[in-house]
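To keep things clear, I will list the structure first and then write my remarks on it.
We count ligands from 1, going down the list as the structure has it; atoms in each ligand are counted the same way. Heavy-atom basis, side chains included; hydrogens, waters and symmetry copies ignored.
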Amino acid sequence: APTTTDTANASDASEKLITVGFAQIGAESDWRNANTTSMKSTLTKENGFNLIFKDAQQKQENQIQAVKDFISQGVDIIVLAPITETGWDDVLNEAKSAGIPVILVDRMVKVSDESLYSCWLGSNFEKEGVTAANWLTDYLKTQGKDKEKQNIVVLQGTIGSTAEVGRTKGFDDTIKKSSNLTILEEQTGEFTQAKGQEVMESYLKKYKDIDIVVSQNDNMSFGAIDALKAAGKKPGKDVIIVSFDAVKAAFLSMIDGDLNASVECNPLHGPKVAELIKKIKNGETVDKVQYIDESVYSTDNAEAELPNRQY
Ligand code: AHR
């Protein structure tokens, strides 16, 4: 069952506070923890909210149960970060029948009826994949390697999550234009450091000629870096590593020269979610899709940017 890590019950909430049930995915990465902190530090009593937070421990059934619990508690609004895109129709229909609006954050859902949620706020994951591929091809040019054959292995995130689907599509479609680049294999590392390391170890046993690792989040990159070092390779030099998220630890890794680049994925959703909740509760219309601004960082600008990182 999902764990309750924070909060009051909907029933204790003062009349004036907006009771929000937030079904978070888990605590699988630095990004996720920064996202949770942003939501918890914004949806506070001082700001007019009574937050009920559930950590689903990376399991869709726990998230579905959390949403059902929020419905029976009679929350004012539900915020859901869906782990994967499919499987949400039934529970979102239950929320709709109960008259409880749902805001989706971070990842998207594939549902038959778009009116099952009020709006979505998150990253343009496909664009992030394109950015990673463009960074890589530009970098290979600066290294005089744009004509040399380069072998890539990919550590994917949770299969079927918008972050995995978008980053895979954006990256794969873009590198198809470069005939020197070959993807040897794509496998999931579940967005965790431990699994990223495990999959990288198996890649290193299987392939002797890996030139590039594309890792769909920083925590898996840290696992891959450990696996490469244990195999006697120099990450960032013998093997180029392109990552996603751009969390603080990734900046330190770029400054050390282990990680070559990280495409930013912004987890600071709290303030925008608070604004959306208030608008929806006031009956105002909001844009259905809201993208958050993002950039790309590399060994060239990591040191200068580090002091600005909040997470
Ligand atoms: O959905 C966003 C992704 O989920 C982040 O890239 C990753 O770190 C997290 O676990």
Which of the ligand 1 atoms, numbered from 1, are nearer than 4.0 Å to a heavy atom of [X]:
X: N217; result: 6 (O), 7 (C), 8 (O)
X: R32; result: 1 (O), 2 (C), 4 (O), 9 (C), 10 (O)
X: A163; result: 1 (O)

To the nearest 0.1 Å, how far is [atom] from its closest protein heavy atom, and which atom is that?
atom: atom 10 (O) of ligand 1; result: E28 OE2, 2.5 Å
atom: atom 5 (C) of ligand 1; result: D245 OD1, 3.4 Å
atom: atom 4 (O) of ligand 1; result: R107 NH2, 2.8 Å
atom: atom 2 (C) of ligand 1; result: D106 OD1, 3.3 Å

May I ask you to check whether over 12 heavy atoms, not counting those of K208, lie within 6.0 Å of atom NZ? yes

Regarding R309 and E264, does a basic nitrogen lie under 4.0 Å from an acidic carboxylate oxygen? yes

| field | Polar contact flag for S29 and ligand 1 (N/O pairs, less than 3.5 Å) | value | yes

(message) Please verify the inter-ring angle class for H269 with W31; under 30° counts as parallel, over 60° as perpendicular, anything in between as tilted.
(response)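 The rings of H269 and W31 stand perpendicular, inter-plane angle above 60°.
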
Exercise. Parallel under 30°, tilted from 30 to 60°, perpendicular over 60°: which one fits the rings of Y203 and Y207?
Worked result: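 Judged by the thresholds at 30° and 60°, the geometry between Y203 and Y207 is tilted.
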
CG (N62) and CD1 (I83) are apart, to the nearest 0.5 Å, by 9.5 Å

**Study point:** D293 side chain to N266 side chain, donor-acceptor N/O pair below 3.5 angstrom
**Key:**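 No.
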
*Tell me whether L155 is reachable from F171 by hopping between hydrophobic residues (I, L, V, M, F, W, Y) whose side-chain heavy atoms are closer than 4.5 Å.*
no

Within the 4.0 Å heavy-atom cut-off, what R167 brings close to ligand 1 is side chain

